[in-house]
Structures are given as structure tokens and as C-alpha cells.
A.B. asks: 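Before anything else, here's the structure in question.
Computed from heavy atoms alone, side chains included, the values below leave out hydrogens, waters and symmetry copies.
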Amino acid sequence: MSVSLQEAIDYALENNQQVKNARLEEEIADKQVGEILADGLPQVNANASLMHNYKIQQTIVESSNGFPPGVPEGEAVALEFGIPYTSGFDFGLTQMVFDGSFFIGLEAAKTFTQLSKKDHIKTKIDIAEAVSKAYFGVLVNVERLALVERNYSRLDSLLQETEVMYENGFAEKIDVNRVKVQFNNVKVEKENYQQIVDLSKSLLKFQMGLKPNTPLQLTTEIQSIGYFNFEQSKGFAYENRIEYSQMNIQKELKQLDIKNVRAKYYPKIDLVANYGRNTGNTSLGDVFTDQWFGAGAIGLRATVPIFDGMRKRRQVQQRQLQAQQIDYSLNLLENNIDVEIEQALTTYNRQIEMMQAQRENMELSQEVYEVAKIKYNEGVGSNIEVIDADATFKQAQINYYNALYDALISKIDLQKAYGVLL
């Protein structure tokens with residue numbers, strides 16, 4: 001699989017597990033809107049029963065007008081009213097007519113969906129940052145490996161030349177040993193950097209959502225990565241930062257929460273209707289006969305809150321204080337963004353200057369090495385001078401690639417600070 005930097009980011013935004021979970025959270029929020037909307041639709045229920053009244057409750061009545069027979073007038077007597085087996089079924093319908101909190105809740109659910117979308121975008125930004133840094137890590141480590149391989153070849157040639165000079169009597173054994181030590185060090189370094197390249201590729205695959213055994217080739221060259229485009233920073237607004245948008249939606253949700261609690265002061269009105277039939281008999285086998293009796297009703301039901309011990313008032317006060325906390329957090333976030341941009345800009349400029357300086361040092365140290373080697377080959381220079389120049393050249397190369405990596409990372413941080421990473 002061959003990918004450029006942008007292709008690696010695009011692939012990760014589709015296949016990274018964190019992005020997939022954020023996408024599912026957005027879909028869950030959409031379903032929650034439908035769940036709340038269902039409360040405003042008709043609610044229909046059906047009930048059925050078959051009862052065995054194995055002990056019928058007795059009711060105390062006063063005898064009157066010869067009932068019950070044989071009981072003196074005005075005397076209390078216990079009678080059983082009921083039969084052993086009863087059955088019935090009924091249908092009930094409830095339709096909300098007015099509930100202030102329902103409409104506010106529906107609006108809050110839609111606003112929460114917007115917050116889920118912002119969370120999805122935030123996850124994408126984080127993944128784009130991680131993939132970019134991992135991609136740059138692979139590029140720089142590949143360059144470092146190529147550098148070590150060049151040093152290996154250079155020292156291999158120097159070692160062979162020194163051995164020939166020793167055999168011909170133009171160098172001492174200690175000169176050969178000095179070069180051999182440098183050569184062995186670079187040989188070990190070469191093996192280490194091969195492992196570092198493999199590990200950095202594994203990290204990139206993980207961030208992209210690729211399987212570890214997938215072959216991966218990077219097509220973006222490190223020399224083609226440009227500097228930060230400062231045109232992107234013009235017209236910057238805090239809303240460019242996803243964190244700021246998320247907090248604004250949280251503030252909107254808190255205001256809706258306050259309205260929702262206040263709406264509970266209003267009456268709730270429902271349309272209710274029910275219809276049912278029932279029967280009964282003295283034996284179970286005779287319960288389901290044609291003696292079914294129907295009953296039904298339809299009307300409006302109003303629930304009016306009168307006094308709740310100041311509960312809703314305290315709830316409103318709590319949410320107002322929480323909304324004030326969000327305002328303070330927004331102000332703090334603005335200050336943090338200002339500081340973050342200033343720090344990222346300073347770091348970026350410093351890293352660019354350092355990278356340019358290290359590049360110049362690397363070029364100068366290369367010239368020093370080449371001159372020292374020419375002098376040594378012509379017999380006017382020493383072996384120690386060549387070894388020192390080689391060590392200085394290698395260190396300058398290492399410093400340059402370290403500065404290059406830091407510059408690339410600082411560019412990503414600056415893009416994120418301005419909210420233009422995606």
C-alpha cells in the first residue's frame with residue numbers, strides 16, 4: 001500500500017477505530033431525537049386478564065328492606081360480592097396535547113446531535129494530528145537510516161584505504177584501529193535504525209487503522225513538505241477551534257435545560273381514551289361465554305403543578321450557576337487559545353531557524369571532512385584529523401534531522417492552534 005501524507009490522513013479518517021466510534025456516537029444522537037419525538041405520538045396499550053378469585057373478599061352491609069333475607073332490619077352483615085372466575089381485556093390510548101418540556105426536550109436533543117457532530121470532528125482532528133506526526137516520524141527515520149548507510153559506506157571505504165596504506169607502510173596499526181572502532185559503531189547504529197524505522201511504520205499503521213502485517217510505502221518526500229502557510233492564520237476567530245464550538249453548544253444545552261425546568265410549571269394536558277370488555281362465571285370452563293360486557297371512556301386529563309417544595313426553583317438556580325461556569329470556562333479557553341497560538345508560533349519560528357542553522361552546519365562539516373580526507377590521502381594530514389572530522393560530520397547530520405523533525409512537528413502544532421489542521 002502506497003500512500004501520501006494526505007492519503008494516509010484520509011484513510012485514517014475512515015478506518016481508525018476512534019473515528020468509527022465517534023461516527024457511531026453521532027448516529028446514536030440522531031436516534032435519541034427519534035426516541036424523544038416518540039413521546040409526542042399516540043401511546044396505545046392493550047391489557048388482558050384471566051383471574052381465579054380463590055377467596056372472594058367480604059363486604060359489610062346494613063340489612064334494609066328485607067335484604068338480605070332472614071336478617072333483622074338495620075343489622076350489619078358480611079356478604080361476598082363476586083364470582084370465582086373473571087376475564088377481561090381493554091385498550092387504552094393516550095395522546096399528549098400540551099407538555100412544555102416535551103418541545104424543549106426535542107430542541108435539546110437536536111442540539112445534542114450538533115454536539116455529537118462536533119465531537120466527531122474533534123476526533124478527526126486528533127487523528128489527523130497523530131497520523132501526520134507518525135508519518136513525519138517515518139520519513140525522518142528513513143532519512144536517518146539512509147544517512148547511517150552512507151556513513152557506513154564512507155567508513156567502509158576509509159577502513160579499506162587505511163588498511164592498504166598500513167600494508168604499504170604509510171600508516172600505523174593504531175590508525176587502522178581508530179577507523180575500525182568508528183566503523184563498528186556505525187554498523188551497530190545501522191541495525192538499530194532499521195528497527196526504529198520498522199517501529200515507526202507500525203505506529204503509523206496503528207494510527208491509520210491498518211493491519212500490522214500490511215506492507216506500507218510512503219510516497220510523500222520529506223523535501224516536498226512546505227512551510228506553514230500564514231495566509232491560513234488571517235481572519236482567525238475563536239470559533240475556528242473545535243473546542244470553542246463544543247463549549248458554545250454546551251452553553252446552549254444548559255440554557256435549554258433551564259427552560260425545560262421552567263416549563264414544568266405549566267399544566268400538562270393529555271387526551272385519554274379506553275375501551276374494554278369483561279365477563280365472569282362460577283366455573284373456569286364457562287368463563288369464555290357470550291356474556292361479555294363492554295365499557296369505554298374518552299376525555300382530557302390535566303396535571304397542574306401547585307407546590308413542589310421549591311424544588312424546581314432550586315433546580316433553575318443550580319443550572320443558572322452552571323451556565324455562569326460555562327461563561328467563565330469560555331473566557332479561560334479564549335485566553336488559553338491565545339497563549340497556545342503564541343507559544344506554537346514562537347516554537348515554529350525557533351525550530352525553522354534551528355533547522356536552517358543545522359543544515360548549514362552539516363554542509364560545513366561535510367566540507368571539513370572532505371578536506372581532511374584529501375589531506376590525509378596526500379600524506380599531509382593525520383588519521384586523527386579525519387576521524388574527528390567524520391565524527392563531527394555525523395553529529396551535524398544527526399542534529400539536522402532532529403531539528404528537521406522538530407520543525408515538522410511544530411508546524412502541525414501551529415496548524416492545530418489556528419484550527420486549520422483539517
Side-chain angles (χ1 to χ4, degrees), residues 1-33 112-146 192-226 228-229 232 240-247 249-250 340 344 348 401-402 404-422:
M1 185 175 181
S2 299
V3 292
S4 65
L5 173 59
Q6 189 57 52
E7 288 170 344
I9 293 174
D10 293 340
Y11 186 91
L13 296 183
E14 291 296 327
N15 297 278
N16 183 277
Q17 297 300 323
Q18 295 181 50
V19 176
K20 288 181 178 180
N21 281 334
R23 190 182 303 125
L24 289 176
E25 287 293 338
E26 187 176 340
E27 294 181 11
I28 290 172
D30 287 334
K31 302 305 179 185
Q32 288 176 340
V33 174
F112 181 74
T113 301
Q114 296 177 14
L115 182 60
S116 298
K117 292 179 179 178
K118 296 293 184 182
D119 292 341
H120 188 185
I121 295 173
K122 175 66 166 57
T123 302
K124 285 185 174 182
I125 291 173
D126 292 340
I127 294 303
E129 177 188 13
V131 169
S132 298
K133 291 182 177 181
Y135 196 99
F136 291 154
V138 176
L139 289 181
V140 171
N141 286 328
V142 168
E143 291 291 329
R144 286 169 174 165
L145 177 60
N192 290 340
Y193 264 106
Q194 184 59 61
Q195 295 178 356
I196 291 174
V197 169
D198 293 339
L199 289 174
S200 59
K201 277 192 176 182
S202 297
L203 176 60
L204 176 58
K205 291 175 187 178
F206 171 76
Q207 299 293 359
M208 290 175 59
L210 272 176
K211 293 182 178 179
N213 58 352
T214 304
L216 186 63
Q217 184 68 33
L218 277 56
T219 60
T220 298
E221 297 181 355
I222 198 167
Q223 295 81 4
S224 65
I225 300 173
F228 177 74
N229 182 10
Q232 295 178 311
N240 295 355
R241 290 286 297 268
I242 190 66
E243 300 91 337
Y244 196 82
S245 298
Q246 287 175 307
M247 194 167 291
I249 293 179
Q250 290 174 354
E340 186 177 339
Y348 175 76
Y401 282 108
N402 288 341
L404 175 60
Y405 178 74
D406 292 339
L408 292 173
I409 296 303
S410 66
K411 175 185 175 183
I412 296 297
D413 293 337
L414 185 58
Q415 287 176 314
K416 188 176 181 182
Y418 276 114
V420 295
L421 186 56
L422 280 183

A.B. asks: Within the 4.5 Å heavy-atom criterion, are Met1 and Tyr11 side-chain neighbours or not?
C.D. replies: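 Sidechains of Tyr11 and Met1: in contact.
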A.B. asks: Report the residues that fulfil ring pair (Phe, Tyr, Trp, His ring centres under 6.0 Å) with Phe228, sequence neighbours left out, ordered by chain and then residue number.
C.D. replies: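 Testing Phe228 for ring pair (Phe, Tyr, Trp, His ring centres under 6.0 Å), a comparison that skips the adjacent residues, returns Phe230, Tyr418.
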A.B. asks: Taking C-beta and beyond as the side chain, do Val420 and Asn240 meet within less than 4.5 Å on heavy atoms?
C.D. replies: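 A side-chain contact is absent here, since even the closest heavy-atom pair is not under 4.5 Å.
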A.B. asks: How many angstroms lie between CG in Leu218 and OG in Ser4, if you round to the nearest 0.5 Å?
C.D. replies: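 Between atom CG of Leu218 and atom OG of Ser4 there are 9.0 Å.
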A.B. asks: What's the separation between atom CD in Gln17 and atom CD1 in Ile127, rounded to the nearest 0.5 Å?
C.D. replies: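 So the gap between those two atoms works out to 10.0 Å.
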A.B. asks: Just wondering, more than 12 heavy atoms not from Gln246 lying within 6.0 Å of its CD?
C.D. replies: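 Correct, the count exceeds 12.
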A.B. asks: For the residue pair Thr220 and Tyr135, establish whether any side-chain heavy-atom pair is separated by less than 4.5 Å.
C.D. replies: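 Counting from C-beta outward, Thr220 and Tyr135 do come under 4.5 Å.
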A.B. asks: To the nearest 0.5 Å, how far apart are CD in Gln195 and CG in Asn141?
C.D. replies: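 Reported value, rounded in 0.5 Å steps: 12.5 Å.
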A.B. asks: Would you say the side-chain atoms of Lys118 pair up with the backbone N or O of Met247, donor to acceptor, closer than 3.5 Å?
C.D. replies: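 Not a single qualifying donor-acceptor pair exists.
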A.B. asks: When the side chains of residues 20-31 are checked against the rest of the protein, which donor-acceptor pairs come out under 3.5 Å, sequence neighbours left out?
C.D. replies:
| unit_1 | atom_1 | unit_2 | atom_2 | d |
| --- | --- | --- | --- | --- |
| Arg23 | NH2 | Leu13 | O | 3.2 |
| Glu26 | OE1 | His120 | ND1 | 2.8 |

A.B. asks: Kindly write out the residues that satisfy side-chain hydrogen bond (donor to acceptor under 3.5 Å, both in side chains) with Asp10, not counting sequence neighbours, or none if the list is empty.
C.D. replies: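 Gln6.
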A.B. asks: Knowing that exactly one of Leu204, Leu5, Ile222 qualifies, which makes a side-chain contact (heavy atoms from CB on, under 4.5 Å) with Leu139?
C.D. replies: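 Per the side-chain contact (heavy atoms from CB on, under 4.5 Å) rule, the option paired with Leu139 is Ile222, out of Leu204, Leu5, Ile222.
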A.B. asks: Report the residues that fulfil side-chain hydrogen bond (donor to acceptor under 3.5 Å, both in side chains) with Tyr193, sequence neighbours left out, ordered by chain and then residue number.
C.D. replies: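 Listed in chain order: nothing, the list is empty.
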A.B. asks: Does Gln207 offer a backbone N or O that forms a donor-acceptor pair with the side chain of Asn16 under 3.5 Å?
C.D. replies: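 Confirmed, Asn16 side chain pairs with Gln207 backbone.
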A.B. asks: Can you sort out the partners of Tyr401 under side-chain hydrogen bond (donor to acceptor under 3.5 Å, both in side chains), two or more places apart, ordered by chain and number?
C.D. replies: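 With sequence neighbours excluded, Tyr401 shows a side-chain hydrogen bond (donor to acceptor under 3.5 Å, both in side chains) to Glu143, given in chain and number order.
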A.B. asks: Excluding sequence neighbours, so at least two apart, what forms side-chain hydrogen bond (donor to acceptor under 3.5 Å, both in side chains) with Asn402?
C.D. replies: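 Here the qualifying residues are Arg144.
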A.B. asks: Among all residues two or more places apart in sequence or in another chain, which pass the side-chain contact (heavy atoms from CB on, under 4.5 Å) test with Ala128?
C.D. replies: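 So Ala128 forms a side-chain contact (heavy atoms from CB on, under 4.5 Å) with Ile9, Leu421, Leu422.
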A.B. asks: Would you please name every residue forming a salt bridge (charged side-chain N to carboxylate O under 4.0 Å, His left out) with Glu243, sequence neighbours left out?
C.D. replies: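 So Glu243 forms a salt bridge (charged side-chain N to carboxylate O under 4.0 Å, His left out) with Arg241.
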A.B. asks: Taking all non-hydrogen atoms of both residues, which atom of Ala344 and which atom of Ala417 are closest, and how far apart?
C.D. replies: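 So the two residues come closest at CB-CB, 4.1 Å.
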A.B. asks: Does Thr123 use its side chain to pair, donor to acceptor, with the backbone of Val19 at less than 3.5 Å?
C.D. replies: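 Not confirmed, Thr123 side chain does not pair with Val19 backbone.
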A.B. asks: Is it the case that over 12 heavy atoms from other parts of the model lie below 6.0 angstrom from the CZ atom of Phe206?
C.D. replies: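 For Phe206, atom CZ is not crowded (no more than 12 foreign heavy atoms under 6.0 Å).
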A.B. asks: Ala12 and Val131: which non-hydrogen atoms are nearest, and at how many Å?
C.D. replies: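 So the minimum-distance heavy-atom pair works out to CB-CG2, 3.6 Å.
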A.B. asks: Which residues pass the side-chain contact (heavy atoms from CB on, under 4.5 Å) test with Val33, not counting sequence neighbours?
C.D. replies: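 By the side-chain contact (heavy atoms from CB on, under 4.5 Å) rule, Val33 matches Leu106, Ala109, Lys110, Thr113.
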A.B. asks: How far does NZ of Lys117 sit from CZ of Phe112, to the nearest 0.5 angstrom?
C.D. replies: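 One gets 13.0 Å once the value is rounded to the nearest 0.5 Å.
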A.B. asks: Using the salt bridge (Lys or Arg N to Asp or Glu O under 4.0 Å) rule, collect all pairs that involve residues 124-135, keeping only residues at least two apart or in two chains.
C.D. replies: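 Matches after skipping sequence neighbours: Lys122-Asp126, Asp126-Lys416, Glu129-Lys133, Glu129-Lys416, Lys133-Asp413.
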A.B. asks: Does atom CD (Glu221) have a neighbourhood of more than 12 heavy atoms from anything else shown, all under 6.0 Å?
C.D. replies: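 Open: at most 12 neighbouring heavy atoms sit under 6.0 Å from CD of Glu221.
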A.B. asks: Taking the side chain as every heavy atom from C-beta outward, state whether Asn15 and Met208 have any atom pair closer than 4.5 Å.
C.D. replies: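 No, their side chains stay 4.5 Å or more apart.
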A.B. asks: How far apart are the closest heavy atoms of Leu145 and Gln194, and which atoms are they?
C.D. replies: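 It is CD2-OE1, 3.3 Å.
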A.B. asks: Which residues pass the ring pair (Phe, Tyr, Trp, His ring centres under 6.0 Å) test with Tyr348, not counting sequence neighbours?
C.D. replies: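 With sequence neighbours excluded, Tyr348 shows a ring pair (Phe, Tyr, Trp, His ring centres under 6.0 Å) to no residue whatsoever.
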A.B. asks: Per the salt bridge (Lys or Arg N to Asp or Glu O under 4.0 Å) rule, what does the pair list look like for residues 193-218, sequence neighbours excluded?
C.D. replies: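 Found none.
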